[in-house]
Amino acid sequence: MAIKKVGVIGAGTMGQGIAEMLASKGLDVYLIESSEERLTYGMQMIELNLDKQIEKWALTQAEKKLILNRIHKGKGYHDLTCCELVIESITEDLDSKKQVFKQLDEICDEKVIIASNTSTLSLTELASVTSHPERVIGLHFIYPVSKIDLVEIVRGLKTSDATFDATKEFVDEVIQKKGIMVFESPGFVTTRLICLFINEALHVLEEGVASAEDIDSAMRIGYSFQNGPFEMADRFGLDSVLAALDRMFREYGELKYRPSIVLKKMVRAGHLGVKSGVGFFKYDKDGDRI
């Protein structure tokens, strides 16, 4: 089955990135949100990101127009009935995601692949509310979606070989990213490792070993990281990092996953990183460091 039309549920940071990337690959994208206001905001942010690429000579006005023309503002779940693949990318809340999967199962043909962009939740549990759990799979994209050429393809307990093969072909051939197969496990590979890296950096900061700026410089310059652990956390969203660590701590029961108190204080203060304009560093409305 050729995948030419893809539904994306959720127009937050990840949903925006996924929709833009898919449209840039020539696919028709149907973007769904819980309200017209959130959907409009998501589209505005996609356009803003495309404008930033034009400023950097990475894109032309004609290419921007083509990408935007391929992203359709969906009015509801019924607009997804024409899609061969639907990717859920809402907030990391199990009950909310289950509700989405239940609705998708009712309206989508049984051949349609239903995927989640979750970074920590159980695909088996999400699939349990559907009548066709064999077509449920994880597609964990990494932020920023357009620049990171890796996708974790996560198999739930009942994910069929046919679903995995079709998804792997889509990732490798259509959107031209490297797909790695991951069996269900809290945090999968990338979230599990990167959150531990960030958490350990937080402990180093707590102990007064070095400043956030110097820790970031050490890892960026010394080990060729694109961003240091603190800027990385700011870009992921400190609330997202905390939620991932909390879930892994509950699932694994190991102290190494227990979130740093500094991270908890930052989230309580509303210092969430790029999305709030301030985290460990300050950012302008375009998400650039100040």
Side-chain angles (χ1 to χ4, degrees), residues 10 12-15 17 88-98 116-126 138-145 148 150-152 154 156 180 182-213 215-216 218-220 223 225-281 283 287:
T13 303
M14 288 304 294
E88 168 277 312
S89 185
I90 67 168
T91 185
E92 285 286 275
D93 178 73
L94 183 62
D95 290 335
S96 299
K97 287 182 185 286
K98 276 184 170 181
S116 176
N117 182 51
T118 181
S119 57
T120 56
L121 299 175
S122 165
L123 269 302
T124 301
E125 198 163 353
L126 292 176
L139 273 177
H140 180 222
F141 294 91
I142 299 168
Y143 178 87
V145 179
I148 306 297
L150 179 83
V151 183
E152 289 181 302
V154 189
I180 62 164
V182 179
F183 288 104
E184 185 178 299
S185 173
F188 312 136
V189 174
T190 56
T191 301
R192 183 174 174 178
L193 295 180
I194 211 66
C195 283
L196 276 176
F197 171 60
I198 291 169
N199 208 34
E200 191 59 32
L202 282 158
H203 291 316
V204 171
L205 180 68
E206 273 181 66
E207 292 164 16
V209 176
S211 68
E213 183 73 58
I215 293 169
D216 266 20
M219 300 313 296
R220 195 178 65 252
Y223 289 91
F225 278 63
Q226 187 176 348
N227 296 309
F230 295 108
E231 185 169 347
M232 206 181 283
D234 280 350
R235 296 196 177 281
F236 291 155
L238 300 191
D239 52 340
S240 298
V241 175
L242 177 60
L245 283 165
D246 270 335
R247 183 157 192 91
M248 289 189 288
F249 183 42
R250 287 196 305 271
E251 293 282 346
Y252 291 115
E254 294 183 39
L255 285 175
K256 64 183 178 180
Y257 297 107
R258 186 169 64 186
S260 157
I261 192 66
V262 171
L263 180 61
K264 290 183 178 181
K265 285 180 179 177
M266 296 280 282
V267 172
R268 287 169 189 156
H271 297 172
L272 308 180
V274 173
K275 66 176 80 173
S276 66
V278 61
F280 291 101
F281 307 107
Y283 304 86

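This chain uses plain numbering: 1 for the first residue, then up along the sequence.
Residue E92 holds its CD atom at 7.0 Å from OG of S116, rounded to the nearest 0.5 Å. Atom CG of L205 and atom CD1 of I198 lie 13.0 Å apart (nearest 0.5 Å).
Within a 6.0 Å sphere centred on CD of Q226, other residues, nucleotides and ligands contribute 12 heavy atoms or fewer.
Side-chain atoms of R235 come within 3.5 Å of backbone N or O of G287 as a donor-acceptor pair. In this structure, K264 contributes its side chain and P259 its backbone to no donor-acceptor pair below 3.5 Å. Here the side chain of D216 pairs a donor or acceptor atom with the backbone of F230 at under 3.5 angstrom. Of the possible donor and acceptor atoms, none in the side chain of E184 sits under 3.5 Å from a partner among the backbone N and O of G156.
Residues G279 and D234 share a closest heavy-atom pair of CA-OD1, 3.4 Å.
Donor-acceptor pairing under 3.5 Å is recorded for the side chains of R192 and Y252. Residues T190 and E152 have side chains that bring a donor and an acceptor to within less than 3.5 angstrom of each other.
By the side chain to side chain donor-acceptor pair (under 3.5 Å) test, T91 is found to be paired with no residue, residues two or more places apart in sequence or in another chain being considered.
Residues Y257 and F249 keep their aromatic ring centres 6.0 Å or farther apart.
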